[in-house]
2 protein chains.
Amino acid sequence: MMKCTKCTSADAVMRAGFIRGRQRFFCKACDYHFTDNKALPAPERKRHQTTISDVAKVLGVAPSTVSRALNGHSDINSNTRQAIIDVARQLDYQPNLLAQSLKSSETKTIGVVIPDIERPFFATAISGIQQVVTEAGYRVMICQSKESYDVEVSNVQALIASRVDGLLICHSRETQNFDHVKPLACRGIPVVHFDRVSNEVDSAKVILDDWNGAFNVTEHLIEQGAQRIAILAGPESLLISRNRLAGYQHALKRNQMPLRPEYEVHIEFQPEEAVAALDAWLALPEPPDAIFAINYTNAFDLLVALKKRGLRVPDDMAVVGFGDEFMASMIEPGLTTVDLHPYRIGQQAARLFLEQMRMKENFQPRTFVISGDLVIRQSSLKGKGNYFKLEI
Amino acid sequence: MMKCTKCTSADAVMRAGFIRGRQRFFCKACDYHFTDNKALPAPERKRHQTTISDVAKVLGVAPSTVSRALNGHSDINSNTRQAIIDVARQLDYQPNLLAQSLKSSETKTIGVVIPDIERPFFATAISGIQQVVTEAGYRVMICQSKESYDVEVSNVQALIASRVDGLLICHSRETQNFDHVKPLACRGIPVVHFDRVSNEVDSAKVILDDWNGAFNVTEHLIEQGAQRIAILAGPESLLISRNRLAGYQHALKRNQMPLRPEYEVHIEFQPEEAVAALDAWLALPEPPDAIFAINYTNAFDLLVALKKRGLRVPDDMAVVGFGDEFMASMIEPGLTTVDLHPYRIGQQAARLFLEQMRMKENFQPRTFVISGDLVIRQSSLKGKGNYFKLEI
DNA sequence: AAAAATACCGGAAACGTTACCGGAAACGGT
DNA sequence: ACCGTTTCCGGTAACGTTTCCGGTATTTTT
């Protein structure tokens, strides 16, 4: 018969059902339940990273002493400290950041949410972020929303659950609701917006001066003698899209040029849309003689399409873009663009986060504006015909 | 006089030195030390995220019960469970992943170390990684080594300290010593190498078929009638560099073409070096009529330099590159390259990691080879003079 | 109705770390 | 030698979670 685990007598032991797959017993004498532990699989030893207690055990000291020694605390004898440091090195001790973070409620990690890491603008921005925060001892966790609102929300929640110390975000194209980045949802952790921001949320922001950039590049086209300037704008829902359109319109107005609705086309940045818009323009009685493509690779799509149609750039049609510095300099003809300085944007966003960490609740959210620089290349220099590059 | 904290009498209390900046007392009656707690700053309440105990307290149940309810455990009444779930939702409870990870010693996070996120190849590879691991519920922590060995090592150590569940790494150009990714240093967590691998380490690997890609692209040049093919190779220390050189050499040999040492130049991928190499070649009595640039943007540097020098591509000088698909299709003339499928490489690396997690110690490290596809464009089509694009 | 089985919950321990604070020994001055 | 002071170390609790397991109440069986 079964013996009681407590009194080791078998007399008063009786079966008492099954629990979690094992036979259960009850000892009347001890008034005590227990289960048949024989059938248990051997408690396989999990792989073990050396802990502070391991170090402590070797030297016969307390874990707290080891902690003090390793963290350069003062309440410790220098001999003890050295001995502990030696043993720690010998055992290749590495502190468990999870435990440290749990204790200190500080992960030294920030989360970054961007639409797509494959876009050079964001890759460069992340580089800027990483450079700044790495110096301050932070790591970076990167999520891509792939321009999906749902993915963005789940990314943010996952980062919050991971207890990141801060959140740097550039919203997806779809995002219209910003509850997920409001202080309540984010448990008051610092949030910094960059590039695509929301005015609904009272957070630090880094934006680029879309209006001025668009204005400058449009004025440049006018200076080059362009008479009929079309704009290939982005989705109307995007703030950056609206701002760039406004800058373009203001430049036209300031130069007493008419705003022609047929010259303003909104697309979702798809190459096919850009080509379709171009063909529609070319079919007009008065086709434009210059195009301002406000984003991404659409300017390149236009260049390729124009070449295929036998039109000369810039003489028949000038083309200017916005951003994408690296590619713009590579392509032939060189594309006139506005250098948006994504690296600086990333750096600035990171700095705002760090400042917010330092100042705590004294921090006043503010918006940084990074102004782009007009970089003039061949694609807009009407009537020159020569390669020309002007770096500002 | 001071009153004892224990017996509240002041008679037997005497000063007993200073400790940590505060007056210390000793009560003879109680044989008890204590300090003057009056001067302590108010224990400021830290901001609080709702925990399992908060939920438990509301309902008057034990934390363990809440845990069971939320994790869909069986030992719980369905009414209790529902009540707990309701309260949890109401309090906006989100589990603390740190605590969970500490308990389960599983972070559901993988670390990725790459040389530079701004290079499209790596950005795309990361995208592939992220797609696969996200589906499996893992998050990604990204570090850039910026081609520095020291930074790479510290990145790896930081990721290990963060207790990532796996490590996907592409080594820096400098890295010659691989101790930091050996099982011992990595505490036995799964390590997957991709692109730039090390044969020293017995890990799963994803490599691209450099040899074949280089062979194919060189044979293509020969088919196009190139007689004197130069190669702009990378650092000799890089394995990929050596493999591509070998593929190139084999193609020449197979076609009874001489290997000319003056046609083989190793550079560190810097643009200036590429231009210098070009000028050196052009100054030769017999300059090459085709160049194979094995990496990064050097092919573009060559195209620009050739254009400036008034040489026609491909008729005077054919140029082929390796990788950088996106840019290659944008530039004029289109650059013939080998599409390396970075997205697939990332995906495959991620899958190898997941498999290793499933199989545990039964996993047999193996090497996946991703073969590149030759994409022929204008820059290598000698004597055609027309725009030609062949997508495979 | 007694015995056996089941359902469900609470308590405790553990993950690895650090802060706090008291104890004891060593030290210093009279 | 005594007493006040300093040095240094250990114990404990806590961070938030989950797992284990015993206890109790309820249900089922005999």
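First the proteins, then the strands, lettered A, B, ... as listed; each starts at 1. Hydrogens, waters and symmetry mates are skipped; everything else that's a heavy atom, side chains included, is used.
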- How about B:H171 and B:F194: are their ring centroids closer than 6.0 Å? no

- DNA chain D nearest-nucleotide lookup for A:D31 and A:R81: closer to the 5′ end is A:R81

- Using a cut-off of strictly less than 4.0 Å, decide whether B:N96 has a side-chain nitrogen or oxygen near OP1 or OP2 of D:dC15. no

- Item | Presence of A:S64 side-chain N/O under 4.0 Å of D:dG11 phosphate oxygens OP1/OP2 | no

- Note on the structure: Taking for B:F34 and for A:I52 the nucleotide of DNA chain C with the nearest heavy atom, the one nearer the 5' end belongs to A:I52

- Query: Is the distance from OP1 or OP2 of D:dC9 to the nearest side-chain N or O of A:T80 less than 4.0 Å?
  - Reply: yes

- Looking for any heavy atom pair under 4.0 Å, which part of the strands does A:T51 touch: base, sugar-phosphate only, or nothing? sugar-phosphate

- How about A:H193 and A:F178: are their ring centres within less than 6.0 Å of each other? no

- Phosphate-side-chain proximity, A:Q100 and C:dT18, N/O vs OP1/OP2 below 4.0 Å: yes

- Report which part of the nucleic acid B:D75 touches: base, sugar-phosphate, or nothing (heavy-atom distance under 4.0 Å, all strands). base

- Task: Starting from the 5' end of DNA chain C, give me the residue, A:H33 or A:Y93, whose nearest nucleotide shows up first.
- Result: A:H33

- Item | Spacing of B:R163 atom CZ relative to D:dT17 atom C1', expressed in whole Å | 17 Å

- Message: If you apply the rule side-chain hydrogen bond (donor to acceptor under 3.5 Å, both in side chains), what do you find for B:S67 with B:S64, and how did you get there?
- Response: CA-CA 5 Å; B:S67 173; B:S64 50; over 6 Å; no

- Provide, to the nearest angstrom, the distance between the CZ atom belonging to A:R68 and the P atom belonging to D:dT7. 14 Å

- Query: CD1 of B:I76 versus P of D:dT18: gap in Å, rounded?
  - Reply: 12 Å

- Item | N/O donor-acceptor pair under 3.5 Å between B:Q144 side chain and B:I114 backbone | no

- Query: Is A:N77 near enough to D:dT7 that one of its side-chain N or O atoms lies under 4.0 angstrom from OP1 or OP2?
  - Reply: no

- Item | Crowding at NZ, A:K28 (>12 non-hydrogen neighbours, <6.0 Å) | no

- Query: Does the side chain of A:Y32 get closer than 4.0 angstrom to OP1 or OP2 of D:dG22 through an N or O atom?
  - Reply: yes

- Message: Is it true that B:T107 and B:D165 share a donor-acceptor pair across their side chains at a distance under 3.5 Å?
- Response: yes

- Item | Nearest-Å distance for atom pair CZ/P, residues B:R15 and C:dG28 | 23 Å

- Item | d(NZ, B:K103; C1', C:dA12) in whole Å | 11 Å

- Item | Whole-Å distance separating the CZ atom of B:R24 from the C1' atom of C:dG22 | 6 Å

- Out of C:dC9, D:dT17, D:dT18, which nucleotide sits closest to the side chain of B:A99? D:dT17

- Query: When all nucleic acid strands are considered with a 4.0 Å heavy-atom cut-off, which category describes A:F26: base, sugar-phosphate, or nothing?
  - Reply: nothing

- Note on the structure: A:L98 CG to C:dT18 P, in whole Å, measures 13 Å

- Note on the structure: Atom CG of B:L91 and atom P of D:dG16 are separated, to the nearest Å, by 14 Å

